[in-house]
Amino acid sequence: MVERLVVIGGDAAGMSAASQARKRRPADDLQIVAFERGRATSYSACGIPYWIAGTVKTEAELISRTPEQHRANGIDVRIRHEVVGIDLAGRSVQVRDLDAGRDFAEPFDSLVYATGSIPMRPPVEGIDAEGVYGVQVLDDGVALRAELDSGRVRRVVVVGGGYIGLEIAEACRIRDLEVTVVDRSATPVGTFDADIGGFIADAVTGLGIHLVLGDGVAAIETKDGRATAVVTASGRTLPADLVVLGLGVRPNVQLAVDAGIPLGPSGGIAVDRRMRTHVDGVWSAGDCVESVHRLSGQRMVVALGTHANKQGRVAGINLGGGYATFPGVIGTAVTKVCNLEVARTGLSEREAETAGYSYVTASVDSTTRAGYFPGAKPIRVKLLAERRSGRLLGAQIVGREGAAKRIDVFATAIWNEMSVDEILSLDLSYAPPFAPVWDPVLIAARKAFEAVEADVRA
Ligand SMILES: Cc1cc2nc3c(=O)[nH]c(=O)nc-3n(C[C@H](O)[C@H](O)[C@H](O)COP(=O)(O)OP(=O)(O)OC[C@H]3O[C@@H](n4cnc5c(N)ncnc54)[C@H](O)[C@@H]3O)c2cc1C
């Protein structure tokens, strides 16, 4: 008998799952129907700020696989179709065709829940006013860009200085708009330690963006239903023609909750290593699920495309009759502000303390190429190593071109539970156009090793 797989959500996680399942099982064995409420499938939300800035020229370039391409691959994709209910006992989903305005039921044998996340909206007055934008899906980017293209917008206030907020702020600045970023923390991108965050703050202000730190949003003023200003907790009024929410995201789980699909302690959908939920035949992947942090052991929701693609692939392989697992996350992330690159992996100081680790830190300043080689740029590397064992717990990098991707060496080391001493011996590449003879990775490991030794002696 032909089985039927229904996928909710047509982007990274959902379509990776669908494509992998299709690769392993032909259509006469497994029918696959994917519902996507937006207009696009398999798009790069990560590219939205660069399209808004004009670095990426067209919206089409952000789409890696269109609905037509998926259909040609044997996946029945229905765009502008929103799943509005899941009946687990009856094994069907309730679907709304948004253009035709009609509802229908679609039966399933297996279900992949891949609805992504939704931008946080603080419960303040005016938050639902016109001109207040969260950016999560491509259609949000399209709507935001249309506002910016309208010529009506001169002043933009970004509420929340996370990496998405800063990327949008920079894009607006490139468009020559007056931009203010408001963030409650002492430095932007709170997942970095404050000493690294200070460099980010300097880069943001260096772009001509006003940065209001240590202050949050208290209300949004409106006129005729449209946002006109952001009022902060300290009482400042920041005039705005457009407000962008950059406060982070939460998993989009309401449909799952209503259906009785269990969540984990972090509020994401609880899944096992094969991406199975606690309901038989129901799988989940991407921003809506929780993952295990390999260092802290904590369950957490980490909304990153890198995980969504991998988790979707794992779900699809398993649905296709294979065997695959998602072994967890270690908090690796990278971004840039103007020409300042920042990256992190593992635990920050606060996270290490919360997880109960005792650690030493080491920071080094070096260059991305041999100091004498043209184009050598500054780089700072900060490491956290566990006391006594010297196990690498975290790394943060800030610098200019060529700096940030060095984080992947540390991510690999943390993944393999290496000590800073072991990293010091790694056979890393060297030639003057690429690195100093002691790569900043190695110098940082050496410094961290010395800090571990000094701590043992103390
Ligand atoms: C501006 C921006 C920049 C980013 N930059 C990076 C980056 O540099 N690196 C990185 O790793 N990650 C980045 N991310 C995060 C990354 O885009 C997400 O983690 C990734 O898209 C998650 O994939 P997903 O499939 O889980 O969810 P989504 O991509 O959100 O896809 C979920 C889909 O489900 C659809 N949907 C939801 N509910 C329903 C329903 N009821 N019925 C039908 N369809 C539904 C939505 O329309 C959406 O298309 C960025 C995100 C944004 C917004």
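- Atom CD of residue E351 and atom CG of residue L384 lie 9.5 Å apart, to the nearest 0.5 angstrom.
- For the pair I86 and I8, the minimum side-chain heavy-atom distance is below 4.5 Å.
- The number of heavy atoms from other shown groups lying within 6.0 Å of CZ (R236) does not exceed 12.
- At most 12 heavy atoms of other shown residues, nucleotides or ligands fall within 6.0 angstrom of atom CZ in R350.
- At a threshold of 4.0 Å, the pair K223-E130 does not count as salt-bridged, since none of the basic side-chain nitrogens sits closer than that to a carboxylate oxygen.
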Could you check S363 against V381 for side chain to side chain contact (heavy atoms under 4.5 Å, CB included), going step by step and ending with a plain yes or no? CA-CA 6 Å; S363 295; V381 181; over 6 Å; no

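- Considering CD of E178 and CZ of R173, their distance stands at 8.0 Å, rounded to 0.5 Å.
- One finds no salt bridge joining R391 and E386 here, because no Lys/Arg side-chain nitrogen approaches an Asp/Glu carboxylate oxygen to under 4.0 Å.
- In this model, no donor atom of one side chain and acceptor atom of the other lie less than 3.5 Å apart for D103 and Q94.
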Before you tell me yes or no, could you show the steps for W51 and E59 under side chain to side chain contact (heavy atoms under 4.5 Å, CB included), namely the whole-Å CA-CA distance, both residues' side-chain angles and the distance that decides it to 0.1 Å? CA-CA 7 Å; W51 173 54; E59 182 193 339; 3.7 Å; yes

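- How far OG1 of T367 is from CD1 of I379: 8.5 Å, rounded to the nearest 0.5 Å.
- Around CZ of R175, the count of heavy atoms belonging to other residues, nucleotides or ligands within 6.0 Å exceeds 12.
- Side-chain contact between Y113 and T277: absent, with no pair of heavy atoms (C-beta onward) separated by less than 4.5 Å.
- Sorted by first and then second residue, the side chain to side chain donor-acceptor pair (under 3.5 Å) pairs with a member in residues 239-249 read R155-D241; sequence neighbours excluded.
- Listed by chain and residue number, D76 satisfy the side chain to side chain donor-acceptor pair (under 3.5 Å) test with R78 (two or more places apart in sequence, or in another chain).
- Atom-to-atom distance recorded for I32:CD1 and H70:NE2 is 11.0 Å, nearest 0.5 angstrom.
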Mind running side chain to side chain contact (heavy atoms under 4.5 Å, CB included) on V135 and I168 for me, showing each step along the way? CA-CA 9 Å; V135 185; I168 299 282; 4.1 Å; yes

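- Environment of CZ in R184: sparse, with no more than 12 heavy atoms of neighbouring residues, nucleotides or ligands closer than 6.0 Å.
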Can you give each donor-acceptor pair under 3.5 Å made by side-chain atoms of residues 200-216, sequence neighbours left out, with the distance rounded to 0.1 Å?
{"from": "T205", "atom 1": "OG1", "to": "A201", "atom 2": "O", "distance (Å)": "3.1"}
{"from": "T205", "atom 1": "OG1", "to": "D202", "atom 2": "O", "distance (Å)": "3.0"}
{"from": "D215", "atom 1": "OD1", "to": "A233", "atom 2": "N", "distance (Å)": "3.3"}
{"from": "D215", "atom 1": "OD1", "to": "S234", "atom 2": "N", "distance (Å)": "3.0"}
{"from": "D215", "atom 1": "OD2", "to": "T232", "atom 2": "OG1", "distance (Å)": "2.8"}
{"from": "D215", "atom 1": "OD2", "to": "S234", "atom 2": "OG", "distance (Å)": "2.5"}

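- No side-chain donor from either of S291 and H307 sits under 3.5 Å from a side-chain acceptor of the other.
- At a threshold of 4.0 Å, the pair K382-E349 counts as salt-bridged, since one of the basic side-chain nitrogens sits closer than that to a carboxylate oxygen.
- A 4.5 Å side-chain heavy-atom check between V217 and V231 finds every atom pair outside the cut-off.
- Annotation: the span from N309 atom CG to S64 atom OG amounts to 8.0 Å, rounded to 0.5 Å.
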Could you walk me through whether F192 and T187 satisfy the side chain to side chain contact (heavy atoms under 4.5 Å, CB included) test, starting with their C-alpha distance in whole Å, then the side-chain angles of each, then the deciding distance to 0.1 Å, before giving a yes or no? CA-CA 9 Å; F192 285 86; T187 52; over 6 Å; no

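- Residues meeting the side chain to side chain donor-acceptor pair (under 3.5 Å) test with D183, sequence neighbours left out: S185.
- Under the side chain to side chain donor-acceptor pair (under 3.5 Å) criterion, R380 pairs with D365, not counting sequence neighbours.
- Distance check, rounded to the nearest 0.5 Å: CD of E68 to OG1 of T41 gives 7.5 Å.
- In this structure, V441 and L428 have side chains that are in contact, with non-hydrogen atoms separated by less than 4.5 Å.
- When atom types are taken as modelled, the side chain of R121 and the backbone of I127 share a donor-acceptor pair closer than 3.5 angstrom.
- V7 is not listed as a side-chain neighbour of E36, based on a closest heavy-atom distance of 4.5 Å or more.
- The closest side-chain donor-acceptor pair between T354 and Q298, if any, does not fall under 3.5 angstrom.
- No side-chain donor-acceptor contact under 3.5 Å links N73 and Q69.
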Taking distance alone, no hydrogens or angles, what donor-acceptor pairs closer than 3.5 Å link side-chain atoms of residues 325-340 to residues at least two apart or in another chain?
{"from": "T332", "atom 1": "OG1", "to": "T345", "atom 2": "OG1", "distance (Å)": "2.8"}
{"from": "T335", "atom 1": "OG1", "to": "E167", "atom 2": "OE2", "distance (Å)": "2.7"}
{"from": "K336", "atom 1": "NZ", "to": "C338", "atom 2": "O", "distance (Å)": "3.0"}
{"from": "N339", "atom 1": "OD1", "to": "R400", "atom 2": "NH1", "distance (Å)": "2.3"}

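- Residues Y133 and D140 are not in side-chain contact: their nearest non-hydrogen atoms beyond the backbone lie 4.5 Å or more apart.
- A salt bridge is defined here as a Lys NZ or Arg NE, NH1 or NH2 lying under 4.0 Å from an Asp or Glu carboxylate O, and R80 with D97 fails to meet this definition.
- The residues E147 and R154 are annotated as not salt-bridged, no charged nitrogen and carboxylate oxygen being separated by less than 4.0 angstrom.
- No donor-acceptor contact under 3.5 angstrom links the side chains of S19 and K23, judged on distance only.
- When the shell of 6.0 Å around CD of E353 is examined, it contains more than 12 heavy atoms from other residues, nucleotides or ligands.
- One finds no salt bridge joining R250 and D287 here, because no Lys/Arg side-chain nitrogen approaches an Asp/Glu carboxylate oxygen to under 4.0 Å.
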